[in-house]
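In what follows, every chain begins at residue 1, and chains take the letters A, B, ... in the order their sequences are listed.
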Number of protein chains: 2
Amino acid sequence: MTDALADSDTALAADATRLSRREQILQAAARLFAERGSRSVGVDDVGAAIGVTGPAIYRHFASKDAMIAEMLQGISERLLAGGRERVAVAGPDPAEQLRALVAFQVDFALDNPALITVHDRDLGSLAPGDAARVRRLQRRYVEVWVDVLRRLRPGEGTDACRARAHAVFGLVNSTPHSAGQLPREEMGVLLAEMAEAAATA
Amino acid sequence: MTDALADSDTALAADATRLSRREQILQAAARLFAERGSRSVGVDDVGAAIGVTGPAIYRHFASKDAMIAEMLQGISERLLAGGRERVAVAGPDPAEQLRALVAFQVDFALDNPALITVHDRDLGSLAPGDAARVRRLQRRYVEVWVDVLRRLRPGEGTDACRARAHAVFGLVNSTPHSAGQLPREEMGVLLAEMAEAAATA
DNA sequence: GCCGGAGGTTAACGCACGTTCACACGCCGC
DNA sequence: GCGGCGTGTGAACGTGCGTTAACCTCCGGC
């Protein structure tokens with residue numbers, strides 16, 4: 001291949017392979033859902049966002065609901081796996097574990113504001129079974145935080161620690177509302193400081 | 001005069017019943033919307049929640065969208081007015097003003113978890129004009145916080161203070177996620193402590 | 001060369017749901 | 001009593017949209 005067109009073709013092909021079609025769809029859909037809500041975004045809109053027509057979606061997902069379910073479940077799984085890994089890597093000190101969890105959540109929220117938005121907004125529009133599955137994953141992620149907080153604050157009850165964890169999530173997950181107000185690095189430092197202060201107040 | 005009085009009386013009575021009905025509808029709708037999202041809740045559902053059929057809604061609202069718009073605008077107005085009043089009452093000390101704002105937001109979030117949920121979730125499903133109106137109110141409420149935070153933290157820029165305000169909102173507005181885990185009073189104290197710690201970290 | 005499957009297209013179907021319409025009923029001023 | 005008005009009902013309409021159907025194209029393996 002000698003011409004530039006072929007090069008750009010291969011580059012595009014490489015990009016296309018780097019992200020499978022399913023993931024392309026999920027990513028585009030997440031962005032649209034975050035902006036306007038999954039119920040207001042049509043299948044045609046999702047298709048148009050990746051350059052195909054609406055029904056093409058059904059070559060990759062059984063239904064729109066199945067697509068949303070997979071999206072939410074994927075997010076919850078990434079959070080749970082990431083949180084557990086960071087805690088494991090952080091060593092036995094609960095203060096260090098908390099720092100690791102905060103850093104992880106901050107990074108995730110800054111890198112994926114759309115996923116953060118969709119994550120808790122569209123849970124209610126899931127079929128009961130799928131919603132239960134996602135909620136179970138979410139709950140396990142919360143428990144990772146609760147375990148750390150409990151060892152960090154021996155005097156506090158489990159319920160208080162759980163409420164504390166939810167509050168920290170809310171704090172860090174404010175990124176979609178304050179997008180682009182600060183450079184990413186600065187925002188990360190700010191959120192991490194605030195989150196740790198709130199968690200240990 | 002007696003005519004005028006009678007007229008205004010009946011007008012007031014009519015307004016009162018109509019307003020209470022409107023309020024009933026808005027309240028029931030807010031609860032349903034918080035649970036399942038405004039797009040998944042039908043007009044019939046809202047009607048059924050107050051014991052009437054769906055079309056009865058149209059005796060009180062021009063359309064479902066108008067109802068949502070009024071709901072969101074009402075929330076934003078209550079927040080803005082409440083925030084300004086609390087700051088005014090708190091006196092000149094910015095630390096005291098912050099405490100007042102935090103207490104206000106915590107009370108609101110604990111008293112109206114459904115409104116909190118709907119408030120930022122269904123903004124995207126509003127008509128452009130209505131959305132702009134609500135966003136303007138929201139922005140002015142944020143600026144109330146930013147003004148206080150800026151005087152409290154002279155070294156910090158406006159953008160950082162705005163991000164900080166959003167983060168505190170996220171923290172306090174976690175109430176829908178941690179509903180009923182703690183008695184209200186305890187939860188209020190916990191959230192207020194965390195919010196102040198985060199705001200002044 | 002051919003064949004099968006992966007992935008796309010357009011057209012059409014059906015249902016959910018917002019909205020409107022025609023009508024009914026109770027209440028209050030006259 | 002009577003008529004207007006506020007508020008409700010059930011039926012019907014229109015449409016947006018998720019989904020399916022029928023058909024096309026490209027491509028890798030035999």
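- Between B:G51 and A:S38, the residue whose closest nucleotide on DNA chain D is further toward the 5' end is B:G51.
- Regarding A:L32, its CG atom lies at a distance of 13 Å from the P atom of D:dC17, rounded to whole Å.
- Between A:S40 and A:A62, the residue whose closest nucleotide on DNA chain D is further toward the 5' end is A:S40.
- Within 4.0 Å of A:V46, counting heavy atoms only, lies no atom of the nucleic acid at all.
- For B:R39 and C:dC17, the shortest distance from a side-chain N or O to OP1 or OP2 is not below 4.0 Å.
- The local environment of CD in A:Q181 is crowded, with over 12 non-hydrogen atoms from other residues, nucleotides or ligands closer than 6.0 Å.
- In this structure, A:R164 contributes its side chain and A:A199 its backbone to a donor-acceptor pair below 3.5 Å.
- Atom CG in B:D44 sits roughly 15 Å away from atom P in C:dT20 (whole-Å rounding).
- Closest to the B:K64 side chain, of the nucleotides C:dG8, D:dT7, C:dT19, is C:dT19.
- For the pair A:I57 CD1 and D:dC17 C1', the computed distance is 14 Å after rounding to whole Å.
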Tell me, with the steps shown, if A:Q97 and A:R86 meet side chain to side chain contact (heavy atoms under 4.5 Å, CB included).
CA-CA 7 Å; A:Q97 292 176 345; A:R86 299 300 185 101; over 6 Å; no
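- Using modelled atom types and a 3.5 Å distance limit, the side chains of A:T158 and A:R150 yield a donor-acceptor pair.
- Between A:H177 and B:H166, the two ring planes are parallel [angle under 30°; tilted spans 30° to 60°].
- Nearest nucleotide to the B:P55 side chain, out of D:dA11, D:dG8, D:dT19: D:dA11.
- Of the candidates D:dC23, C:dG18, D:dT7, the closest approach to any side-chain atom of B:R59 belongs to D:dT7.
- Candidate nucleotides C:dT9, D:dG10, D:dT19 were compared by shortest atom distance to the side chain of A:S63, and D:dT19 ranks first.
- Minimum atom distance to the side chain of A:Y58 is reached by D:dT19, of the listed D:dT9, C:dT20, D:dT19.
- In this model, the phosphate group of D:dG8 is not approached by any side-chain N or O of B:T53 to a distance below 4.0 Å at OP1 or OP2.
- Distance CZ (A:R22) to P (C:dA6): 14 Å, rounded to an integer number of Å.
- One finds a side-chain N or O of B:H60 lying less than 4.0 angstrom from the OP1 or OP2 phosphate oxygen of D:dG8.
- Here the C1' atom of nucleotide D:dT7 and the CZ atom of B:R21 are 9 Å apart, to the nearest Å.
- For the pair A:D65 CG and D:dT19 P, the interatomic distance rounds to 6 Å; values are reported in whole Å.
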